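First up is the structure itself, then whatever we jot down about it.
Model, not experiment: these values are computed from the prediction.
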Amino acid sequence: MGSQASIKFYLFEGGKPNGVLPIYMRITYARKKAELHTGFTCTKKEWNQANQNTRTSTTVNKKLSDKKAAVYSFLEDLEKENKPISAAILKDLLTGKTRVKTRILEYLEN
């Protein structure tokens, strides 16, 4: 099922075609998407669109790669546990905004 997920990094131009732009991450799963700011910025000149990373900062590239690996790790964990998967759930897990769903029987057992 991991083939249904894809991750893309891009510069968000939102009204500012030049200057320093935020790097966004788009998570797509089952044709639904969720987007989030990575916390990094870059100029158009420094951005490598083909590789979806910066040309100059290896630190930023490493952190972007780590975020991508974390999403695929969450996806693998959810598949193993037979839990529902969506782009929004993967985004929430990545940002730490997980939704805890406890069933009443599980709660009583604990």
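Side-chain atoms of T28 never come within 3.5 Å of backbone atoms of R31 as a donor-acceptor pair (strictly under, hydrogens ignored). Although no hydrogens or angles enter the test, the distance criterion places no donor-acceptor pair under 3.5 Å between the side chain of R26 and the main chain of F9. Remark: side-chain polar atoms of T38 are paired, donor with acceptor, to backbone N or O of I23 under 3.5 angstrom. Of the possible polar contacts, none joining the N48 side chain to the R55 backbone as a donor-acceptor pair under 3.5 Å is found.
Between Y24 and H37, the two ring planes are perpendicular [angle over 60°; tilted spans 30° to 60°].
When T58, T56, L64 are each tested for a side-chain contact (heavy atoms from CB on, under 4.5 Å) with V60, only one passes: L64. For the side-chain contact (heavy atoms from CB on, under 4.5 Å) criterion with L75, the lone passing option out of I27, L90, I89, L93 is L90.
Between C42 and W47, the closest heavy-atom pair is SG-N, 3.7 Å. In plain terms, the two heavy atoms of I7 and Y72 that are nearest each other are CD1-CE1, 3.7 Å. Contact between L94 and K67 at its shortest, heavy atoms only, is CD1-O, 4.1 Å.
Separating the CD atom in E46 from the CG atom in L21 is a distance of 10.5 Å, to the nearest 0.5 Å. Residue L78 holds its CG atom at 5.0 Å from CD1 of I85, rounded to the nearest 0.5 Å. Interatomic distance, NZ of K8 versus CD of Q52, reported as 6.0 Å (0.5 Å rounding).
L11 is not listed as a side-chain neighbour of Q49, based on a closest heavy-atom distance of 4.5 Å or more.
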Between K91 and E35, is a salt bridge (charged side-chain N to carboxylate O under 4.0 Å, His left out) present by the stated rule, with each step listed?
-> CA-CA 8 Å; K91 174 185 172 182; E35 298 174 329; over 6 Å; no
